[in-house]
Amino acid sequence: MGSARPNRCSRRYTGCAQHFEWGRRSTVMDYLAPPTTSAREAYELCISRIRNAELARRAADAVDEIDAAASDFILSVQAGQTHLVPTPTSIGPGGLTKREMVAMYDDRMVDEDAPGRPIYQAIYDSADWCPMCGHRDVASVDHYLPKAHYLALVTAPANLVPACSVCNKRKKDRQAAVPDELFLHPYFEDIRRDPWLVGSVPDEMQRSIVFSVRHCPTWSTTLYNRVRFQFDELGLAELFAAQAADERSGIRDELTWLLNSGGPDAVREALRRRSGSHRAHRYNSWNAVAYDSWASSSWFRSGGFR
């Protein structure tokens, strides 16, 4: 694990209509620039200090297989076919075992003094927020395809992504059986500008926003199913609803002031401006969707926020 990250600051409402409380910046299923280190470079660095001559020889003999597996993996991600990536039980002509390959990652990449630690640290530091949920701080590096099953990819940078501890645990070591169960890969799949995250305020008795996934016109059915699957698996509707409830409490005084001074229309315009500001920064953020949903609810802007 890398070092813990400091808490971010937020700017809070001061009592004037033009000042707003800015929440955490957040884009769920975000895109990240892929690592520049190749799988061969990372693996060779990780095995560079092996003292056991026999293990060092078997590890070196596996370099070409490691490199080829990583190249095939990237092609599989781009084709949306990672559920077909092979799961060998050993690696290389010397038969590196699962235990040896997992130790290659744990001992030779994650440990503070490990030769591959700079690569791990660079991946850990490549994002402030978890690209899967867009909400929590990065606290770990996750294997996109789990190391327990995909031994040739345990040290491949393209298979390592920064993540929060909650998403890492929820994702687990699950293997997708069909394309619809594949998580999006933040290095190779970019849906940031597609308006897929939507919300609604159902009725006066239910104050929580209901967040859901919209089927964008340019999406295939498979892509829609994948996004919805990841959204459900990570419990993002509940996470965003809880965050929106907290946000609503934080702006209640401001909205009351606006309602008393300018009526529901003033509340709606303020909410729309807030949504536009969030969308300009992070298009598919729960913040933008929350403010859109509130602005569209006549019940909410007429005082339902209280």
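We're numbering straight along the sequence, starting at 1. The shown structure was predicted, so the numbers you read here are calculated from the model rather than taken from an experiment.
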With a 3.5 Å cut-off and no angle check, do the side chains of Asp30 and Trp129 form a donor-acceptor pair? no

Side chains of Leu32 and Val161: does their closest heavy-atom pair fall under 4.5 Å? no

Heavy-atom distance under 4.5 Å between the side chains of Tyr291 and His278, does that happen here? yes

With a 3.5 Å cut-off and no angle check, do the side chains of Arg192 and Tyr283 form a donor-acceptor pair? no

Pairwise distance CZ(Arg174) to CD(Glu181) - rounded to 0.5 angstrom: 6.0 Å

I need the full list of salt bridge (Lys or Arg N to Asp or Glu O under 4.0 Å) pairs touching residues 62-81, with sequence neighbours left out, sorted by first then second residue. Arg40-Asp64, Arg40-Asp67

dist Asp180:CG -> Asn225:CG (nearest 0.5 Å) comes out at 4.0 Å

Correct closest heavy-atom pair for Ala59 and Met104 would be CB-CE, 4.3 Å

Within 45° of the ring axis of Tyr120 and under 6.0 Å from its six-membered ring centre, is that where the NZ or CZ of Arg117 lies? no

What do the steps show when you test Leu197 against Phe231 for side-chain contact (heavy atoms from CB on, under 4.5 Å), and what is the final call? CA-CA 10 Å; Leu197 182 61; Phe231 191 78; 3.7 Å; yes

Might you work through the side-chain contact (heavy atoms from CB on, under 4.5 Å) test for Ile191 and Leu184, ending with a clear yes or no? CA-CA 9 Å; Ile191 60 171; Leu184 298 191; 3.5 Å; yes

Heavy-atom donor-acceptor pair, Ser297 side chain to Ser293 backbone, under 3.5 Å: no

Does the side chain of Pro179 come within less than 4.5 Å of Thr222's, by heavy atoms? yes

Per salt bridge (charged side-chain N to carboxylate O under 4.0 Å, His left out), Glu100 is matched among Arg58, Lys147, Arg108 by Arg58

Minimum heavy-atom separation for Pro88 and Leu151, please, with both atom names. O-CD1, 3.5 Å

Does a side-chain N-to-carboxylate-O contact under 4.0 Å join Glu254 and Arg274? yes

Do Ile50 and Val110 share a hydrophobic cluster, counting only Ile, Leu, Val, Met, Phe, Trp and Tyr and linking them when any side-chain heavy atoms are less than 4.5 Å apart? yes

Just checking Lys171: does its NZ atom have more than 12 heavy atoms from other residues, nucleotides or ligands closer to it than 6.0 angstrom? yes

So, do Phe240 and Gln243 sit near enough that their side-chain heavy atoms are less than 4.5 Å apart? no

Nearest heavy-atom approach of Ser140 to Cys164 is OG-O, 3.9 Å

Within the distance-only criterion (no hydrogens, no angle test), does the side chain of Ser275 pair as donor or acceptor with the backbone N or O of Ala288 below 3.5 angstrom? yes

Rounded to the nearest 0.5 Å, what's the gap from OH on Tyr187 to OH on Tyr31? Could you check? 10.5 Å

Residue set satisfying side-chain contact (heavy atoms from CB on, under 4.5 Å) with Pro264, at least two apart, ordered chain then number -> Leu259, Arg301, Ser302

Nearest-0.5 Å distance that lies between atom OG1 in Thr218 and atom CG in Leu223: 8.0 Å

His149/Val85 under side-chain contact (heavy atoms from CB on, under 4.5 Å): CA gap, chis, key distance, verdict: CA-CA 10 Å; His149 306 296; Val85 172; over 6 Å; no

Same cluster or not: Trp286 versus Val166, using hydrophobic residues (I, L, V, M, F, W, Y) connected whenever any side-chain heavy atoms lie under 4.5 Å apart? no

Counting only N and O atoms by type, is there a donor-acceptor contact under 3.5 Å from the side chain of Asn159 to the main-chain atoms of Leu145? yes

Exceeds 12 heavy-atom contacts within 6.0 angstrom, atom CG of Asn52: yes

Is there a side-chain contact between His135 and Cys130 (heavy atoms, below 4.5 Å)? no

Could you point out which residue of Phe73, Tyr150, Phe188 forms a side chain to side chain contact (heavy atoms under 4.5 Å, CB included) with Tyr144? Phe73

One should read off an interatomic distance between Asp253 CG and Leu258 CG, to the nearest 0.5 angstrom, of 11.0 Å

Ser126 side chain to Ile123 main-chain N or O, any donor-acceptor pair under 3.5 Å? yes

Membership question, hydrophobic clusters at under 4.5 Å side-chain separation (ILVMFWY): are Met109 and Leu55 in the same one? yes

Take Ser200 and Ile209, measure what side-chain contact (heavy atoms from CB on, under 4.5 Å) needs, and give me the verdict at the end. CA-CA 6 Å; Ser200 62; Ile209 294 176; 6.0 Å; no

Does the side chain of Arg170 reach to within under 4.5 Å of the side chain of Lys172, using non-hydrogen atoms? no

Hey, does the side chain of Arg226 reach the backbone of Phe183 with a donor-acceptor pair shorter than 3.5 angstrom? yes

In terms of the angle between their ring planes, are Trp294 and Phe300 parallel, tilted or perpendicular, with boundaries placed at 30° and 60°? parallel

For the residue pair His185 and Ala158, what are the closest heavy atoms and their distance? NE2-O, 2.7 Å

Does a side-chain heavy-atom distance below 4.5 Å link Gln175 with Thr87? yes

Do side-chain atoms of Arg214 reach the backbone of Pro195 as a donor and acceptor pair under 3.5 angstrom? yes

Test your reading of the model: is there a side-chain donor-acceptor pair from Asn284 to the backbone of Asp194, 3.5 Å cut-off? yes

Please check if the side chain of Glu41 supplies one atom and the backbone of Ser38 the other of a donor-acceptor pair under 3.5 Å. yes

Salt bridge (Lys or Arg N to Asp or Glu O under 4.0 Å) between Asp61 and Arg57, worked out: CA-CA 6 Å; Asp61 288 344; Arg57 177 187 57 78; 3.5 Å; yes

Under 30°, 30 to 60°, or over 60°: which ring-plane class applies to Tyr224 and His215, parallel, tilted or perpendicular? parallel

List the steps and the verdict of salt bridge (Lys or Arg N to Asp or Glu O under 4.0 Å) for Asp292 and Arg279. CA-CA 10 Å; Asp292 271 344; Arg279 286 205 186 277; 2.7 Å; yes

Ring geometry between Trp219 and Trp196 (parallel below 30°, tilted from 30 to 60°, perpendicular above 60°): tilted

Smallest separation among heavy atoms of Leu45 and Ile119, with atom names: CD2-CD1, 3.8 Å

Nearest heavy-atom contact between Ala148 and Asp173 is CB-OD2, 3.9 Å

OH of Tyr105 to OG1 of Thr155: how many Å apart, nearest 0.5 Å? 10.0 Å

pair Met29-Met132: side-chain heavy atoms closer than 4.5 Å: no

